[in-house]
Amino acid sequence: MSGHDQTGPRLRDALQGIPTYKPGKPAQAEDGAPAFKLSSNENPYPPLPGVLDAAMAAVHEFNRYPDMACSGLHAELADRFGVPVSHIATGTGSVGVAQQLLQATSGPGDEVIFAWRSFEAYPIITRISGATAVPVPLDADEVHDLDAMLAAVTERTRLIFVCNPNNPTGTVVRKDALVRFLDAVPKDVLVVLDEAYNEFVRDEACPDGIELYRDRPNVAVLRTFSKAYGLAGLRVGFAVAHEPVAAALRQTAVPFGVSQIAQEAAIASLRAEDELLGRVGALVGERNRVVAALRAQGWTVPETQANFVWLRLGERTTDFAAACEASGVTVRPFAGEGVRVTIGETEANDLFVRTAELFRKEL
Ligand SMILES: Cc1ncc(COP(=O)(O)O)c(C=O)c1O
């Protein structure tokens with residue numbers, strides 16, 4: 001037929017040149033030496049027995065589709081956070097929900113603002129939506145520059161990500177600064193508070209997005225079961241947002257995207273929250289120990305409130321990552337910028353701290 005190119009399917013121009021998401025490298029064991037993966041901000045603890053049991057019970061029925069409305073999980077989440085059930089939306093990890101938020105708000109000609117460097121999925125999913133990514137550099141302390149982000153708002157802005165704590169720096173925006181920012185952003189722009197690491201926060205000046213969303217219809221909060229709750233492999237995250245944003249998330253959801261196994265495990269995790277948050281407390285203790293050790297070695301380490309630390313190594317980034325790998329820990333390098341290292345098992349953290357010390361001595 002005329003007008004058709006016979007060389008192959010036409011793909012959207014928007015996809016050209018979009019970087020692919022880089023997963024953290026797996027642990028590389030050499031000669032039977034212990035190897036640890038500190039490259040994906042995962043929880044090093046294995047599933048709790050009760051959570052495993054709940055997931056295993058659902059395994060026996062995977063010939064059936066899951067509950068598409070995730071009713072049990074939504075009810076549990078609404079109760080846990082004291083919000084209406086209609087304000088809860090779940091998806092295939094919080095990155096899946098973030099992508100749905102973009103589908104719901106942004107397309108060609110629209111602009112999406114986020115800090116940079118931040119979660120590497122933001123520019124990818126923004127560009128997939130066809131919208132234009134507007135990255136705004138972090139300030140000198142590796143914190144979101146909210147004034148600059150506000151100055152970047154135009155008539156075309158549809159969505160703003162605020163990653164709090166920020167991946168990969170671990171830094172947080174303070175409540176007073178965030179409230180000023182939210183008050184100044186036009187009300188037709190959706191502000192997404194991505195709180196994937198919320199449970200690791202110990203700084204009281206760091207806001208709880210769920211408190212801030214309550215009287216702000218243009219604020220959506222993203223949380224996940226992947227980090228503190230240790231369900232990364234099951235892919236379940238959620239948003240808390242007012243109607244009509246939550247309704248738009250139901251419209252844009254991949255049907256049956258959250259498996260019954262994930263739903264049951266998430267419910268069991270909420271019920272076992274005390275135990276899980278106890279583990280988070282131990283990881284926070286490890287984080288503080290690692291940060292103190294690195295600073296004692298002379299490194300500049302930004303104040304992290306997440307389950308990882310950030311070292312801005314510039315040109316030495318790749319060498320540092322290679323040194324870590326050689327010693328048995330894989331970390332997440334961002335070439336030319338720095339290295340993000342997840343807080344893992346004590347043994348892994350020790351290995352990393354020792355490697356950092358040796359590397360520093362050789363500088
Ligand atoms: C800031 C941030 N948001 C969202 C996610 C996505 O997590 P998930 O899709 O597993 O919920 C991550 C994962 O690394 C993250 O760092």
Side-chain angles (χ1 to χ4, degrees), residues 20-25 37-44 47 70 73 77 88-102 112-126 128 135 138 142-144 159-173 191-201 206 209 220-241 249 253-254 257-259 261-263 265-266 269-270 276 283 287 302 304-310 330-334 338-344:
T20 39
Y21 187 92
K22 265 200 201 148
K25 236 178 156 180
K37 184 180 176 207
L38 301 183
S39 54
S40 293
N41 295 345
E42 293 155 333
N43 191 320
C70 297
L73 177 55
L77 284 168
I88 303 281
T90 36
T92 54
S94 55
V95 73
V97 186
Q99 189 153 22
Q100 289 171 244
L101 286 169
L102 284 166
V112 175
I113 297 174
F114 46 80
W116 200 247
R117 179 166 282 278
S118 187
F119 182 33
E120 70 171 308
Y122 297 153
I124 298 173
I125 58 180
T126 297
I128 290 172
L138 296 169
E142 312 272 13
V143 177
H144 280 53
L159 186 148
I160 304 174
F161 284 110
V162 176
C163 188
N164 205 29
N166 186 47
N167 174 6
T169 58
T171 49
V172 295
V173 295
V191 182
V192 179
L193 304 178
D194 183 345
E195 299 187 336
Y197 302 97
N198 169 270
E199 297 82 359
F200 297 95
V201 172
C206 179
V221 183
L222 284 182
R223 298 271 180 102
T224 182
F225 284 96
S226 297
K227 310 294 179 182
Y229 295 90
L231 303 185
L234 289 180
R235 313 307 302 127
V236 52
F238 60 99
V240 182
L249 284 172
V254 172
V258 182
S259 74
I261 304 170
Q263 294 182 38
S269 301
L270 287 169
L276 285 168
L283 289 170
R287 168 184 86 199
T304 174
Q305 291 293 310
N307 64 337
F308 49 84
V309 295
W310 171 247
T330 32
V331 298
R332 179 71 170 91
F334 296 91
V339 167
R340 185 195 71 198
V341 186
T342 307
I343 300 300

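Owing to the predicted nature of the structure, the values given are computational and were not obtained by experimental measurement. One is the number of the first residue; the rest follow in order along the sequence. Just so you know, ligand 1 is whichever comes first in the structure, and atom 1 is the first atom listed for that ligand.
You'll find the side chain of Q99 reaches within 4.5 Å of the side chain of I128, heavy atoms only. Looking only at side-chain heavy atoms (C-beta outward), V339 and W310 stay at 4.5 Å or farther from each other.
Defined by atom type and a distance below 3.5 Å, a donor-acceptor pair is present between the side-chain atoms of Y122 and D194. A donor-acceptor contact under 3.5 angstrom links the side chains of T342 and N41, judged on distance only.
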May I have a table of the N/O to N/O pairs between ligand 1 and the protein that fall below 3.5 Å, each row giving the two atom names and the distance to 0.1 Å?
from	atom 1	to	atom 2	distance (Å)
ligand 1	3 (N)	D194	OD1	3.2
ligand 1	3 (N)	D194	OD2	2.7
ligand 1	7 (O)	S94	OG	3.4
ligand 1	9 (O)	S94	N	3.1
ligand 1	9 (O)	V95	N	3.0
ligand 1	9 (O)	R235	NH2	2.8
ligand 1	10 (O)	S226	OG	2.6
ligand 1	10 (O)	R235	NH1	2.8
ligand 1	10 (O)	R235	NH2	3.4
ligand 1	11 (O)	S94	N	2.6
ligand 1	11 (O)	S94	OG	2.8
ligand 1	11 (O)	T224	OG1	2.5
ligand 1	11 (O)	S226	OG	3.4
ligand 1	14 (O)	Y197	OH	3.3
ligand 1	14 (O)	K227	NZ	3.0
ligand 1	16 (O)	N167	ND2	2.7
ligand 1	16 (O)	Y197	OH	2.6

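In this structure a side-chain-to-backbone donor-acceptor pair under 3.5 Å is present from N43 to K227.
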*May I have the step-by-step check of side chain to side chain donor-acceptor pair (under 3.5 Å) for R287 and N307, ending in yes or no?*
CA-CA 7 Å; R287 168 184 86 199; N307 64 337; over 6 Å; no
